[in-house]
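To start, the structure under review is shown below, and the notes come after it.
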Amino acid sequence: MNYKINKLDSTRLLDIGGLVLSGGRPILAIILAFLVSAVMIIIQGANPLEAYSAMLRGSFGSVAALANTCVRAAPLLLGGLGVALGVKAGLLNVGIEGQIYVGGSAAAAVGIMPIPVAPWLHLVLAVSAGFLGGAIWGLIPAYLKAYRGVSEIVVTLMLNYVGIQLCSLLVHEPSPLAEKGAFFPQSPPILASAQLPILIKGTSLHLGIILGLIAAIILAYVLFYTPFGMRTKMIGQNPEAARYAGVNVKKQTVVALILSCGLGGLAGTGEVLGLKLRLFDYFSGGLGYDAIAVALMANSNPVGVIFSALFFGALRAGAGKMETAVGIKAPIVQVIQALAVLFVIMIGFVEYNRKSKQDKRKEQMPEDTIYGSELNK
Amino acid sequence: MDQSNDLSTLRMVGISKRFPGVLANDNIDFEVKAGQVHGILGENGAGKTTLMKILYGLHQPDSGEIFLNGKKVEIHSPKAAGDLGIGMVHQHFMLIENLTALENVVLGLPTKHPPLLDLEPARNRFNELTKEYDLHLTPSSPVWSLPVGDQQWLEILKLLFRNAKLLILDEPTAVLAPKQAKQLLSTVRRFAQEGRAIIFISHKLEEMKEVVDCVTVLRDGHVVGTVDPKEVQSAQLAQMMVGRDVFLDRRERAPYKDKKEVLVIEHLDCLNDRKLPALRKIDLTVKSGEIVGVAGVDGNGQRELAECITGLRQFTGGTIHINQKPVDGVINDTTLLGYIPEDRHKTGLVLKFTVEENLILKTFEELPYTKRGIIQWHEIRQKADALIKEYDIRTPNSMVPVNHLSGGNQQKVVVARELSNKPALLISSQPTRGLDLGAVESVHNFLLKERNRGAAVLFISTELSEVLTLSDRIIVMFNGEIMGDLNAEKVDVNLIGELMLGHREGLEATP
Ligand SMILES: Nc1ncnc2c1ncn2[C@@H]1O[C@H](COP(=O)(O)OP(=O)(O)OP(=O)(O)O)[C@@H](O)[C@H]1O
Ligand SMILES: [Mg+2]
């Protein structure tokens, strides 16, 4: 592929320019979130600077810390990409949590099975099972959305509860996936051949984060350089025009949502095959909801999702260190996280109002919604 | 609060506004007085809408000042403009489709007992106003179910509701049928008599002559001059506006020799969005090398007819064949069918996509734009640049979002895309809506060229004069039926007028 590099560059440059611009917003939001949280830390009688520096050490201060950050970022990255893909197609997949459980369960089912194949193939099969688990799970909202007009938001949200309970069912006896006579509801251990390899000895850093990075790059590429991506963005922006241009909107909706859910499944797969190494009851504990925040924060830009997932991962990784260093309880990071997302949205809002005053107002925006609806864009 | 009552003059002085790559307004001076209708003429992209948006507080000028009754004002938002008594009907509809007519009108107005919404007083006012101005609008009908003409009235009603003293009407007649336009023009005159000031933008010179007291002509962002349109020749106005002569009369054409039936429609029935019959047993054949004009008042089945042919609307009975192939779904073969839809914003364009993406909206999956599954952006860009040149689309480059283009130039993007693959059948619905005279001329030329190449062209327009100049055959639609099928070379305009109203009597009288 020897295209004229310079032409390609001009396109890419535009993209990067946009990214830098849109990158400014989350960074400002993060700073604001830390400032507000500092007040809370002070109220609790600790020094926020000390708290934050402990957090920084805990997330980036050593190889082990960095590994921890990446481990925690991995499911958020994969899940966040799932949400982002949906948003590009105009679909809000809030069911990553359920897909994590279903994908994780499918991966575990293959991972504990002694299949007589080469070890790498066993791993590939287990990972594929995880992706497919999420994707097939996604058929339900996809079908209902495309052919019955049911809101995907409601369906994916409700299916979360079903997915969580399904996993629970699977790890309790007499399910074939449950370990016989175990003290906890859990599956037998994932066989060594199906475990995600550890990248740095002595840490728990597994291949999951690399899977996430690859997925992000593929997704960014697919969205910009393939007809599939073009169709996806088209149905997200103007389904009527997409239909007119010959896109099969129903089919595209189904495929986009299925892939989005598959990414959710992969998020669970990484947790099971790389970190937990068994299937447990309630093993995700809300990662899927955080993934929505991750995508929101990155404005659904796949490359941006990498950074926002790392940020969220770092917060969690650093929380423990902060707790031991200054005695601030770890849940403060949830507060920071939530504030950061809120600030991103608020800044977007303020920016929009300012811009609309300055000039940038889009011609087709109804006049009366100027003060109202940047959010559902 | 209500300084609006005494708006007597509004002056814009030295207004300049630059967008990336274009100087949209270049040191413009402009003045309107109460009781006057002031027209603005200018090519697509001349900066008319930009100037009005500055006045309405949607854009801030880079330099220049606005004086209301001699007092300097800053207009930072549409709300500020509203408080000054300035109201605007935009070039593209700004209605919320799922709300009712009444809800759209009161949207954004303060209520008496917030947060409760008491629509009763508003409903009464709505009914009073519709009665006063003789509009036939039902407050409770949802906007999506209204014909475009009514939607336009609704936009104007919004301004009356707010008691605007300066009404900015940006191409209000572009979407109206001639009769509706007439009514609008007389209403505009009435507004002036009531002491309001009106800024009236249109590309149609006859309308200007009929309604405005003076007209300011813009070109490339600057004022060419302000004249009384009754005192100058149309040709002179066109000259001022486009910088050259424009020819919009019927052109000589040779009959096309190798005629084949391209579009064959038999007994077509279909329903409209409200599930009422829109077409009743339509039979129509369009041959290669002919332009069949569809005349008729808007909303008599023209849109549904176009949508059925293009496969976008399911029909309930009958058959449609294009080059012997039955239509049973959306046709995405751009060499078989080109379709210029009537609503470029809803259907024809993805507004947030760039110009180049919109230009290949239908063909991006084909060679050479996609090779081995990968989109070739440099090929697309080359194609886009060529089309931009060929169709004279005014844009800084092919990578700006299409919603940054002026309305007429957005239309050219659609026209360029639909003609570029030399379709066997071309359906064009209101293809010149919103275009300036020069651009109308070039679209006419493009359509004639398609015809002479051998394309079958179905040309739907509510602009009768345009149908008359362009067509080889004219069919007239009324209430979902074809009232008559006439030879355009020797047609009686009065007869068409009668047919458009559903009177068939004249037809038997002529041989
Ligand atoms: N928001 C925007 N961003 C960038 N460029 C813009 C924007 N709005 C308008 N322009 C550019 O400014 C110029 C003037 O546009 P404007 O909409 O005022 O034209 P117009 O005279 O109303 O044309 P038309 O008759 O086609 O409606 C055009 O070249 C257009 O591309
Ligand atoms: Mg305009």
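Below, chain A is the first sequence line, B the second, and so on; all start at residue 1.
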If the contact rule is any heavy atom under 4.5 Å from chain B, which residues of residues 245-255 of chain A qualify, in numerical order?
Ala245(A), Gly246(A)
For Glu357(B), which atoms come within 4.5 Å of any heavy atom of chain A: side chain, backbone, both, or neither?
both
Chain A: which of Leu349(B), Val350(B), Leu361(B) shares the most heavy-atom pairs with it under 4.5 Å?
Leu361(B)
Please evaluate residues Ile374(B) and Tyr221(A) with respect to the criterion side chain to side chain contact (heavy atoms under 4.5 Å, CB included), reporting the C-alpha separation (whole Å), side-chain torsions for both, the decisive distance (0.1 Å), and the verdict.
CA-CA 9 Å; Ile374(B) 310 295; Tyr221(A) 188 86; 3.3 Å; yes
State which residues pass side chain to side chain contact (heavy atoms under 4.5 Å, CB included) with Thr363(B); sequence neighbours excluded, sorted by chain then number.
Thr334(B), Ile360(B), Glu366(B), Tyr369(B), Asn421(B)
Residues of residues 228-235 of chain A within contact distance of chain B, non-hydrogen under 4.5 Å
Met230(A), Arg231(A), Lys233(A), Met234(A)
Under 4.5 Å heavy-atom distance to chain A, tell me which part of Ile54(B) shows up: side chain, backbone, both or neither.
neither
Identify which part of Thr347(B) has an atom lying under 4.5 Å from any heavy atom of chain A, answering side chain, backbone, both or neither.
both
Among all residues two or more places apart in sequence or in another chain, which pass the salt bridge (Lys or Arg N to Asp or Glu O under 4.0 Å) test with Asp273(B)?
Arg303(B), Arg313(B)
Greatest number of heavy atom pairs closer than 4.5 Å to chain A - which of Leu312(B), Thr370(B), Val330(B)
Leu312(B)
To the closest 0.5 Å, what do you measure between CZ (Arg372(B)) and OG1 (Thr226(A))?
15.0 Å
Heavy-atom closest contact (Gly373(B) atom, Pro227(A) atom, distance)
O-CD, 3.5 Å
Do the numbers put Lys346(B) on top of the ring of Tyr244(A), so that NZ or CZ is under 6.0 Å from the six-membered ring centre and no more than 45° off the axis?
no
Looking at every non-hydrogen atom in both residues, tell me the closest pair between Trp377(B) and Tyr225(A) and how far apart they are.
CD1-CE2, 3.4 Å
